[in-house]
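Following: one structure in structure tokens, then a few remarks.
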Amino acid sequence: MSSGRAVRLILSACVVLLMAGGYFIYQGVSSRSVAASVERLTRLRLWFSDPAAHPEWAINTSGRCGNAPFQYPTSGYIGFIWGDSFRIGHRHQGLDIFGGETVGVTSVVAAYPGYLSRLPEWKSSLIVRLPQDPLQPERQIWTYYTHLADANGTSYISPEFPPGTSEVYIEAGTLLGYQGNYSGDPDNPTGIHLHFSIVLDDGQGRFRNELEFGNTLDPTPYFGLPLNAEQNMGDVPVCPE
Ligand SMILES: [Zn+2]
């Protein structure tokens with residue numbers, strides 16, 4: 001995506017956010033957290049303009065914060081976090097990590113071991129089953145990775161995981177593919193990033209619908225980073241020194 005398009009996207013999202021402020025307050029999303037989401041949009045614009053100017057904003061693939069259970073699944077700036085509101089009626093279900101490079105370049109790896117599946121129709125997405133949640137071992141959870149394809153839907157997922165892959169065991173750090181910008185609409189791709197989320201099980205051994213915010217978990221304790229938009233009022237989500 002061109003930086004011009006990114007800026008236009010961000011500015012239009014800002015306008016929507018400002019208009020929606022009252023709505024979100026009505027919905028119980030605080031005006032402080034809306035302001036923090038706007039601040040993240042502004043910072044993302046700076047990141048897009050010159051990623052090399054802000055290395056301190058970035059996480060790096062395979063690093064981890066302290067003793068957190070999950071390692072970082074890719075490199076880049078975590079531009080949006082769990083619970084960010086940048087569309088009316090929508091709260092962000094995961095993290096968006098923007099590599100600051102072109103499509104197909106920034107590697108994406110497994111944050112935690114598990115059993116990888118890719119539905120036959122998935123061009124840009126993978127899901128990994130964790131039989132034991134590292135923080136609540138009595139339950140099963142899932143980790144979801146998406147936007148691993150270009151604007152036209154050409155996949156950047158590693159060839160070992162073709163469409164229809166089911167329950168392949170992978171270690172943490174396994175290369176899954178590369179960041180892309182697939183949105184489903186070739187004329188309106190996303191910014192180049194990885195979207196990562198933690199998804200609840202339905203109790204029958206299947207993952208719940210990731211698009212529903214209520215089916216996802218706060219990633220904060222899994223990464224040891226401030227990743228909850230209701231609590232992070234504008235800090236760059238990096239590991240404290
Ligand atoms: Zn996202």
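Order of appearance sets the numbers: ligands from 1, and atoms from 1 within every ligand.
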Same hydrophobic cluster for Phe223 and Leu176, using side-chain heavy-atom links shorter than 4.5 Å among ILVMFWY?
yes

Output all residues satisfying ring pair (Phe, Tyr, Trp, His ring centres under 6.0 Å) with Tyr144, sequence neighbours left out; order by chain, then residue number.
Trp122

Taking everything shown except Arg139 itself, do over 12 heavy atoms lie less than 6.0 Å from its CZ?
yes

For the Zn ion (ligand 1), give me the closest N/O/S atom belonging to His195, just the atom name.
ND1

Give the name of the N/O/S atom in Asp96 that lies closest to the Zn ion (ligand 1).
OD1

With sequence neighbours excluded, residues passing side-chain hydrogen bond (donor to acceptor under 3.5 Å, both in side chains) with Ser183
none

Answer yes or no as to whether an N/O/S atom of His147 is found below 2.8 Å from the Zn ion (ligand 1).
no

